[in-house]
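One structure is given here, and the rest of the page talks about it.
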Amino acid sequence: MSALKVLDVGQIRQAVQDLAVKVNSLLPEDMCQALASAQEEEVSPLGRYALEQIGDNARLAAQKEVPMCQDTGLVVVFADLGQDLHITGGDAERVIQEGIAAGYKAAYCRASMVEEPVFDRKNTGNNLPAVVHWRIVPGDQLTITLMPKGGGAENMGALGLLKPTQGEEGVYDFVMKTVQQAGGNPCPPITVGIGLGGSMEKATLLAKEALLDPVDAHHSDPRYAALEKRLLADINKLGIGPQGFGGKTTALAVHIKTFPAHIAMLPVAVNINCHAVRHATVSLKGVD
């Protein structure tokens, strides 16, 4: 049996604060490369112009360490806690929230959260609370991923509870309809995350997690990899184009994540991300 390692909450708070600044100003390198390639291949003059502006914006944000978009999002957190790690000195969930608030203040990020959703939509003033997903994993470290998600793209997601007999074509039709209805609203070129299987909440979580995959990643099952490729090709035939101005670059990637399903169910969730696919990760190791 492994001896427990120890991690103080102060380290967590500082790491999350630094990550909250970084994630809003630094676009992942694979996404920068994908946008540059799309600009070279885009045939629409307006589409090329939009991609050029997106690229310039990303470079300026990185150079000046300022937010790449005014919508700095609802922060989604994936916290993978090693089962051989003991967190000391306070409440880990609380310091993650505090770190996000401090980072957002330091980076002059917009506060976008309201206290409750229907009757009294008063801004919380610090972009809290974040949505935190805890997972227990092997090991003795804590890995935290921050994923700010803008409202425009998040609003374009959808959940379908299909009949199992609808199969691949049912999934294909649902995804294509969702993307087509979204149009230019989620600020294309988009990344499309798809969750298949599980329950209502599991499918939607899978779709969100799929957005963390590298641009060129593919499902390990060749059948789902083929479906990803088919969807990406046909989405880019819709003509929506960068920022909705028309062109061949509506999506940069389609990623599918799967989970076993009940015999009577075929849940499919679609989560769309804008061109600013923001996520950043830090791993904190415990000590003896």
Side-chain angles (χ1 to χ4, degrees), residues 2-26 28 65-151 153-154 201-202 204-209 211-212 271 273 276-288:
S2 300
L4 283 177
K5 302 289 187 178
V6 176
L7 179 67
D8 186 80
V9 293
Q11 291 179 256
I12 299 173
R13 187 189 189 280
Q14 187 61 54
V16 170
Q17 179 177 336
D18 295 343
L19 210 60
V21 173
K22 173 184 175 182
V23 75
N24 278 295
S25 62
L26 194 61
E65 294 186 334
V66 295
M68 67 186 74
C69 178
Q70 91 284 352
D71 186 349
T72 47
L74 182 161
V75 182
V76 179
V77 183
F78 294 98
D80 291 348
L81 176 63
Q83 63 187 18
D84 298 321
L85 182 67
H86 177 50
I87 296 175
T88 62
D91 183 334
E93 173 101 16
R94 179 176 59 80
V95 297
I96 286 175
Q97 301 281 355
E98 289 176 353
I100 290 168
Y104 266 55
K105 182 178 181 181
Y108 300 98
C109 295
R110 189 183 79 186
S112 301
M113 298 297 291
V114 295
E115 290 180 357
E116 65 86 33
V118 177
F119 298 107
D120 184 18
R121 293 179 61 86
K122 180 181 177 182
N123 199 297
T124 63
N126 56 11
N127 214 61
L128 299 184
V131 175
V132 183
H133 300 287
W134 286 95
R135 299 180 290 202
I136 305 299
V137 298
D140 57 9
Q141 64 183 30
L142 174 64
T143 299
I144 298 173
T145 297
L146 297 192
M147 182 185 189
K149 193 71 182 348
E154 187 74 359
E201 78 277 10
K202 182 63 176 179
T204 55
L205 184 56
L206 288 170
K208 181 66 66 66
E209 291 174 348
L211 297 174
L212 298 173
N271 199 298
N273 213 343
V277 182
R278 295 165 290 185
H279 55 83
T281 300
V282 64
S283 291
L284 303 172
K285 292 186 177 181
V287 296
D288 294 323

Within the distance-only criterion (no hydrogens, no angle test), does the side chain of [X] pair as donor or acceptor with the backbone N or O of [Y] below 3.5 angstrom?
X	Y	value
E201	T204	no
Q97	A130	yes
E93	V95	no
D80	I144	no
D120	E116	no
Y104	G99	no

Give me the one residue out of L7, V137, I136, L4 that meets side chain to side chain contact (heavy atoms under 4.5 Å, CB included) with L85.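 That would be L7.
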
Output the distance between atom CG (L19) and atom CD1 (I12), rounded to the nearest 0.5 Å.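 Spacing of CG (L19) from CD1 (I12) equals 13.0 Å.
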
Please report the shortest heavy-atom distance between M68 and S25, naming the atom on each side.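 Heavy atoms only, the tightest pair is CE-C, 3.6 Å.
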
Would you name the heavy atoms of L146 and V75 that are closest together and state the gap between them?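 Residues L146 and V75, closest heavy atoms: CD2-CG1, 4.2 Å.
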
Side-chain contact test, heavy atoms from C-beta onward, threshold under 4.5 Å: evaluate it for L284 versus Q141 and give yes or no.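 No, their side chains stay 4.5 Å or more apart.
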
Tell me whether D288 is salt-bridged to K5, with the criterion being a basic N under 4.0 Å from an acidic carboxylate O.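 Looking at K5 together with D288, the answer is yes, because their closest N to O distance falls below 4.0 Å.
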
Check this for me, if you would: do D71 and R110 make a salt bridge, where the nitrogen-to-carboxylate-oxygen distance has to be below 4.0 angstrom?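 Salt bridge: yes.
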
With no hydrogens and no angle check, just 3.5 Å: does a side-chain donor-acceptor pair link N127 and K105?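 Short answer, no.
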
Give the intermediate values and the outcome of salt bridge (Lys or Arg N to Asp or Glu O under 4.0 Å) for residues R135 and E209. CA-CA 13 Å; R135 299 180 290 202; E209 291 174 348; 2.9 Å; yes

